[in-house]
Number of protein chains: 2
Amino acid sequence: MVTIKDVAAASGYSKAMVSYALNNKGNLKEETKQKILQAAKELGYVPNSAAAALRSKRKNVVGLILRDISNPTFVQYANYIEKTLAEYGYRLSIFTTYGQKRVNDAIISFCGGGRLDGLIYSVVALDEKTLTSINQYSTNSVVLSVSEVSNVEYGAYIATEHLLGQNHSIVAHIGSPGNHPNSNFMINGYKRALKVHGKAFSPDLIVQGGYDLEDAEKAAEKLIRKWGVPLAIFTASDYAAFGVLNYLRRAKLKLGKDVFLVGWDDIPFAESVGLTTIAIDHEAIARKSVYELLNELEPNIELPSINIPDYELIVRESCHEESGNLLKNGCH
Amino acid sequence: MVTIKDVAAASGYSKAMVSYALNNKGNLKEETKQKILQAAKELGYVPNSAAAALRSKRKNVVGLILRDISNPTFVQYANYIEKTLAEYGYRLSIFTTYGQKRVNDAIISFCGGGRLDGLIYSVVALDEKTLTSINQYSTNSVVLSVSEVSNVEYGAYIATEHLLGQNHSIVAHIGSPGNHPNSNFMINGYKRALKVHGKAFSPDLIVQGGYDLEDAEKAAEKLIRKWGVPLAIFTASDYAAFGVLNYLRRAKLKLGKDVFLVGWDDIPFAESVGLTTIAIDHEAIARKSVYELLNELEPNIELPSINIPDYELIVRESCHEESGNLLKNGCH
DNA sequence: CTGAAAGCGCTTACAG
DNA sequence: CTGAAAGCGCTTACAG
């Protein structure tokens with residue numbers, strides 16, 4: 001492994017000079033700098049960033065703690081966060097918890113282990129206890145939670161409202177799992193729409209989905225056993241909506257005839273199946289979280305301000321009868 | 001930040017002893033060890049893994065270089081690789097290239113920067129040049145490529161064969177992008193099936209898809225403009241098949257009537273839309289790559305042997321007429 | 001069974 | 001404009 005020492009020897013300058021040249025610091029004359037850079041290049045020198053981090057305390061990497069990355073929404077967030085971070089010279093390191101304790105410990109050790117400058121974590125990824133430990137060991141952390149930056153209640157309201165507007169007599173909800181602000185706001189919006197439309201609310205109308213397609217599939221089954229078809233469902237995520245599709249397929253029920261859906265997130269796959277959904281600018285949300293963190297990491301740097309437009313309803317074919325749904329059949 | 005020095009002071013032992021206790025090395029008496037561990041716990045000590053890595057040369061993290069993680073197949077691989085690695089005390093760090101040069105440089109600097117013990121990279125993620133640099137700087141690397149561990153030609157053959165068996169007169173192929181072994185084997189299998197069934201091959205039957213849904217959408221458009229409907233298509237990935245669905249929706253064509261599909265990978269979403277596909281054990285493939293790497297990293301460790309069952313056809317509704325496709329409509 | 005010391009590869013005041 | 005030196009937080013022979 002070629003080190004700064006080798007470059008120093010090859011160029012005839014000191015390690016200090018090499019370091020300055022490489023990092024564009026100090027004030028060496030251009031010629032010296034070029035010589036050093038040349039020597040580094042010839043030797044194929046790659047700085048040991050771990051050593052640099054140890055010494056300078058700046059690691060240039062921030063961690064992102066997610067529950068999992070099976071849900072494409074989280075992949076989107078991760079991509080946008082990575083992209084934004086890159087603009088400011090930081091790399092992203094993704095951690096997935098799956099809610100497992102063991103994994104959380106690993107995260108703590110990594111986060112507190114001096115390899116991260118900061119942390120962005122999804123509300124649903126961590127339990128209370130781990131969150132406390134993390135905040136204890138890692139100085140800079142920022143939460144990624146839509147309800148902090150957008151009006152989730154409103155989004156849920158327009159989703160439910162839309163279904164109600166199609167004259168579906170029963171509109172149920174498959175909620176997001178866990179008991180965090182996001183899901184509560186969503187339920188509130190859902191309930192408000194029911195009320196405005198003079199529909200009675202019943203606790204049986206809400207089933208809490210889980211994190212996997214199978215959880216949503218089960219939730220759909222439960223709902224349909226209870227309420228029968230036709231049934232309209234507002235799901236807390238497009239991902240969950242796909243779980244509902246799984247159930248429909250298994251039960252030989254038809255979307256747009258037996259069941260009507262409005263999802264949440266507008267994942268890329270939503271369009272493929274004509275899923276009506278609630279969209280918001282994920283990039284803006286991702287950027288906002290990154291800027292918030294950057295604000296702590298480098299207080300003197302000027303950051304653009306971010307405006308996050310409100311939730312929007314994307315109408316496709318999954319929620320009403322008269323439509324040109326792309327998938328044939330079911331009409332033998 | 002509490003360091004090993006603080007723990008040493010608090011426990012009354014030397015830094016060396018603390019290190020031994022923490023890492024279960026040396027032979028200190030149990031009592032001493034417990035005292036030290038206790039002190040560490042009370043202080044909330046978290047080892048600085050960067051420092052440990054610098055000194056010991058063991059980082060406990062391996063990198064995974066992927067093109068992107070929008071395709072759920074790669075997410076699956078990443079998950080399984082992470083899981084397997086965790087069993088052996090390694091963390092996974094995911095890099096995405098999107099084929100961009102800039103990003104590749106960042107990867108080189110990270111990989112060569114002494115933060116990684118080893119590397120697993122997807123064939124499609126890197127260009128020749130970057131690959132060369134990586135192999136130059138990073139000693140241990142392993143390629144993740146299905147064609148190295150499975151019979152891709154056979155998989156493509158049974159996919160095409162199935163479509164042909166449904167009496168579709170024209171069976172086209174949307175190939176995987178780039179010019180790597182995987183796509184070539186796939187094309188070979190596709191062509192062989194055509195031949196066996198006495199179908200003439202034409203270069204126009206194959207359109208190379210890209211990496212995004214939009215690329216596949218365009219490929220489908222091109223194919224359908226050329227060949228019209230009904231048309232059967234074997235896509236190199238389920239992800240691409242979803243891109244085809246996008247086009248169908250836009251062109252108001254029906255799956256299972258105008259277009260028939262067989263995908264590849266059996267991603268979780270494939271089931272939701274009744275997509276017929278080719279499946280293989282992704283976990284086994286992921287494990288195999290990890291074991292291969294581990295074999296280099298820790299030659300004296302005993303690794304289970306991995307058997308990867310052959311490709312399998314999962315028949316759902318996307319490829320034939322008589323079916324119970326879950327999505328209604330299209331039959332006005 | 002325990003500790004002093006060297007050193008991993010860098011960066012950064014500091015002195016010149 | 002340049003270099004010697006200290007030190008980041010660990011691990012690991014080595015001596016006792």
Side-chain angles (χ1 to χ4, degrees), chain A residues 1-37 39-40 43-61 89 109-117 137 139, chain B residues 1-37 39-40 43-61 89 109-117 137 139:
Chain A
M1 186 180 192
V2 20
T3 72
I4 203 173
K5 205 175 159 187
D6 302 314
V7 181
S11 66
Y13 288 91
S14 68
K15 288 192 299 171
M17 289 297 276
V18 176
S19 175
Y20 288 135
L22 256 24
N23 298 304
N24 250 311
K25 286 186 180 172
N27 44 332
L28 24 177
K29 52 182 175 192
E30 191 55 28
E31 195 199 332
T32 311
K33 191 170 159 182
Q34 289 311 327
K35 271 191 208 156
I36 294 175
L37 259 25
L43 293 174
Y45 171 69
V46 178
N48 182 320
S49 52
L54 177 60
R55 177 57 229 248
S56 69
K57 305 293 182 199
R58 205 213 198 238
K59 294 98 191 172
N60 295 312
V61 9
S109 87
F110 202 87
C111 298
R115 301 207 208 188
L116 260 27
D117 294 306
Y137 298 127
T139 35
Chain B
M1 187 180 192
V2 19
T3 72
I4 202 172
K5 206 174 157 187
D6 302 314
V7 181
S11 65
Y13 288 91
S14 67
K15 287 192 298 171
M17 289 296 277
V18 175
S19 176
Y20 289 136
L22 256 24
N23 299 304
N24 248 312
K25 285 184 179 172
N27 44 333
L28 25 177
K29 53 183 174 190
E30 190 56 29
E31 194 198 333
T32 311
K33 191 169 158 183
Q34 290 310 329
K35 270 191 207 156
I36 294 176
L37 260 24
L43 292 174
Y45 171 70
V46 178
N48 182 319
S49 51
L54 177 60
R55 175 59 229 246
S56 70
K57 306 291 183 199
R58 205 215 199 238
K59 295 98 190 172
N60 295 311
V61 10
S109 88
F110 201 86
C111 298
R115 300 207 210 187
L116 258 29
D117 294 307
Y137 298 127
T139 36

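When reading the values below, keep in mind they use all heavy atoms of this one structure, side chains included, and skip hydrogens, waters and symmetry mates. Lettering follows sequence order; numbering is per chain, from 1.
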* Structure fact -> Output field dot_bracket for DNA chain D (Watson-Crick or G-U, both distances under 3.5 Å, | for other-strand pairs) contains |||.||||||||.|||
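When the P atom of C:dC10 is taken as reference, atom NZ of A:K15 falls 9 Å away, rounded to whole Å. In this structure, A:Y45 places its OH atom 7 Å from C1' of C:dG9, rounding to the nearest Å. Between A:D6 atom CG and C:dG9 atom P there is a gap of 9 Å when expressed in whole angstrom units. As a whole-Å value, the separation of B:R115 CZ from C:dC10 P is 12 Å. With rounding to whole Å, A:R55 atom CZ is found 15 Å from D:dC10 atom C1'. When rounded to the nearest whole Å, the span between CD1 of A:I4 and P of D:dG3 equals 13 Å. In this structure, CE of B:M17 is placed 16 Å from P of D:dT12, rounded to the nearest angstrom.
In this structure, A:A52 reaches the sugar-phosphate backbone alone: every heavy-atom distance under 4.0 Å involves primed, P, OP1 or OP2 atoms, never a base.
Listed here is the closest heavy atom pair of A:L28 and A:M17: CB-CE, 3.8 Å. Nearest heavy atom pair, residue A:R115 against residue A:V61, reads O-CG1, 3.7 Å. When all heavy atoms of A:A8 and A:S14 are compared, the closest pair comes out as CB-C, 3.8 Å. Of all heavy-atom pairs spanning A:I36 and A:V7, the tightest one is O-CG1, 4.1 Å. In terms of heavy atoms, A:T3 sits closest to A:Y45 at C-CE1, 3.5 Å. Between B:S11 and B:V18 the shortest heavy-atom distance is OG-CG2, 4.3 Å.
Taking 4.0 angstrom as the limit, B:Y13 places none of its side-chain polar atoms (N or O) nearer than this to OP1 or OP2 of C:dA4. Within the structure, every side-chain polar atom (N or O) of B:Y20 is placed at least 4.0 Å from both OP1 and OP2 of D:dC10. One finds a side-chain N or O of B:K57 lying less than 4.0 angstrom from the OP1 or OP2 phosphate oxygen of C:dG9. Considering only side-chain N and O atoms, B:S56 lies nowhere under 4.0 angstrom from the phosphate OP1 or OP2 of D:dT11. Note on A:T3: every side-chain N or O is 4.0 Å or more away from OP1 and OP2 of C:dG9. Phosphate contact (OP1/OP2 of D:dT2, side-chain N/O of A:T32, threshold under 4.0 Å): present.
Among the nucleotides D:dA4, C:dC10, C:dG3, the one closest to the side chain of A:A16 is D:dA4. Comparing atom distances between the A:N48 side chain and each of D:dC10, D:dC8, C:dC10 picks out C:dC10 as nearest. Checked against D:dC8, D:dG9, D:dG3, the side chain of B:L54 finds its nearest nucleotide in D:dG9.
Listed by residue number, the members of residues 21-30 of chain A with any heavy atom below 4.0 angstrom from DNA chain C are A:N23, A:K25.
Sequence neighbours left out, the pairs with a member in residues 5-34 of chain A that pass salt bridge (Lys or Arg N to Asp or Glu O under 4.0 Å) are A:E31-A:K35.
Atom CG of A:L54 and atom CZ of B:R55 lie 12.5 Å apart (nearest 0.5 Å). Going from atom CG of A:N27 over to atom OG1 of A:T32 covers 10.5 Å, rounded to the nearest 0.5 Å.
Of the residues near DNA chain C, B:S14 and A:M1, the one whose nearest nucleotide (by heavy atom distance) lies more toward the 5' end is B:S14.
Contact check for A:S19 versus A:I4: side-chain heavy atoms found under the 4.5 Å cut-off.
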